[in-house]
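Whatever order the structure lists ligands and atoms in, that order sets their numbers, starting from 1. We count residues from 1, following the sequence as given.
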Amino acid sequence: MTKISDISKPIIIAGPCSAETEDQVIQTAQKLKAGGKVDILRAGIWKPRTRPNSFEGIGEIGLEWLINAGKETGIPVITEVANAKHVELCLKAGFTKLWIGARTTVNPFAVQEIADALEGSNVEILVKNPINPDLNLWIGAIERFKNVGIEEVHAIHRGFSSVMSRKYRNDPMWEIPLALKRHFPDINLICDPSHITGNRDMIFDVAQKAMDLIYDGLMIETHIDPENAWSDADQQVTPNSLIEIIDNLVIRKESPEGIQVSEDLSELRSKINEIDAELIKLIAQRMKVAEEIGQYKKEHNITILQPKRWAEIKELQLENAERNGLSAKFVSKYLEAIHQESIRHQTAVMNKK
Ligand code: PEP
Ligand code: MN
């Protein structure tokens, strides 16, 4: 059995969103085998769909198709389980790798049920992030599998549901998977650009970004006829496009062997340190002025929050940001943080006896 942690990086997982027919599964597997880039073959058998009456997976019969495709090509296979019954059927069919979907990771009862059903098996588990951006739910799900003795537990980052993100189907919120990796440094972190982007044209850029953030692998939905796929048609790529994506990735090293971090880089880094120190000093100065304003407001019985003034600051600085090539998203977040800290300083002045 190929252990996930023994596969050389980047680990490539590919295959259709859903197993649809026996032919589709075997043809995809053969094309992926011929391309020689894929380490693990994926296909969903039971599909957790947001709305009923869409294709909810081919069911049990598909397990055999996937197992046979694995035997014929020699590529290890993986599928999604969402309850104890799925686990039982997968173990019986001979699966040694399973993934937990984003809609399951949110539910500790479901995760525990699956973990209990896996106790004593030597199955490897990949846990997708929960659909909501909650790092602890993701950590908790991983812990439930570790607690029943599963040794190989890894993570898949597929992005988070968000009312804010218009660019992507699921907002990547890169800081969350990176925090997960800091919490579990030994885990393999796989990026799923298909479900993040929801659009095959954007997959390469997200996959490249994942590589530059030192991810351990990629899961990319691949279909012999993406346009006519029964689920997630917009985001699947053909086996040939998959090869092209992988061939075009630039795999950079964190610290390339034999190369000293050059003097240029350390000079640039010390410049960054100086600018950061300067920024902190400026922010502290700004808070001192905010405290003086707090004192004035206290003496004149004026509220701390002044919505009109706050709107004026935001408008001014968002224009300024645009002129200076900073994103509105970043500057809004920055201003929000500054405003919170400013309110904290003014409240302290206001409440001082
Ligand atoms: C899938 O991988 O096909 C899937 C259902 O993904 P997610 O759980 O990320 O929505
Ligand atoms: Mn899918």
Side-chain angles (χ1 to χ4, degrees), residues 11-20 24-25 28 32 38 40-52 54-59 62-63 65-66 77-83 86 90 95 97-107 110-111 114 124-134 137-138 141-142 145 154-162 165 168-174 176-177 180 189-200 202-203 206-207 210 215 217-238 241-242:
I11 301 162
I12 304 295
I13 306 173
C17 176
S18 309
E20 297 165 3
Q24 169 243 13
V25 173
T28 313
L32 291 175
V38 172
I40 302 175
L41 179 66
R42 65 151 278 157
I45 300 293
W46 300 281
K47 301 303 297 179
R49 306 305 299 279
T50 304
R51 305 273 304 273
S54 39
F55 174 59
E56 294 194 302
I58 203 73
L63 295 175
W65 303 343
L66 193 50
V77 294
I78 188 164
T79 194
E80 173 175 347
V81 289
N83 58 40
H86 295 165
C90 285
F95 281 81
K97 301 180 195 337
L98 298 170
W99 89 77
I100 308 299
R103 291 163 193 75
T104 306
T105 308
V106 287
N107 182 348
V111 174
I114 297 166
E124 300 177 290
I125 291 288
L126 295 178
V127 182
K128 285 203 169 194
N129 66 256
I131 42 180
N132 55 328
D134 184 336
L137 261 182
W138 200 2
I142 289 170
F145 291 107
H154 303 287
I156 303 176
H157 168 220
R158 51 78 79 197
F160 303 88
S161 277
S162 159
S165 180
Y168 295 122
R169 177 178 177 191
N170 290 295
D171 191 339
M173 299 184 166
W174 296 96
I176 298 179
L180 183 87
L189 179 60
I190 310 284
C191 180
D192 171 349
S194 309
H195 289 90
I196 289 176
T197 61
N199 173 345
R200 58 184 143 266
M202 297 197 282
I203 288 178
V206 170
Y215 275 55
L218 297 166
M219 182 192 248
I220 299 180
E221 285 187 340
T222 311
H223 194 286
I224 38 166
D225 182 11
E227 262 112 66
N228 293 307
W230 297 2
S231 58
D232 288 350
D234 294 343
Q235 71 193 30
Q236 303 206 56
V237 297
T238 61
S241 315
L242 177 85

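Looking at heavy atoms from C-beta onward, L66 lies in side-chain contact with L41 at the 4.5 angstrom threshold.
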#### Entry: V81 and F95: CA distance, side-chain angles, deciding distance, side-chain contact (heavy atoms from CB on, under 4.5 Å) verdict
CA-CA 11 Å; V81 289; F95 281 81; over 6 Å; no

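In summary, R200 and E221 do not engage in a salt bridge, as defined by a charged side-chain N under 4.0 Å from a carboxylate O. A salt bridge between K97 and E124 is present, with a side-chain N of the basic residue lying under 4.0 Å from a carboxylate O of the acidic one.
Here the N, O or S atom of E221 that is nearest to the Mn ion (ligand 2) is OE2. Nearest N, O or S atom of D232 to the Mn ion (ligand 2): atom OD2. Within H195, NE2 is the N, O or S atom that lies nearest to the Mn ion (ligand 2).
Considering M202, H157, R169 as possible partners of I196, the one that fulfils the side chain to side chain contact (heavy atoms under 4.5 Å, CB included) test is H157.
The main-chain N or O of D134 is never found under 3.5 Å from a side-chain atom of N132 such that the two would form a donor-acceptor pair.
Between the side chains of H223 and D232, no donor N or O sits under 3.5 Å from an acceptor N or O.
Residue-level contacts of ligand 1 at the 4.0 Å heavy-atom threshold are C17, R42, K47, E80, W99, G101, A102, R103, K128, R158, H195, E221.
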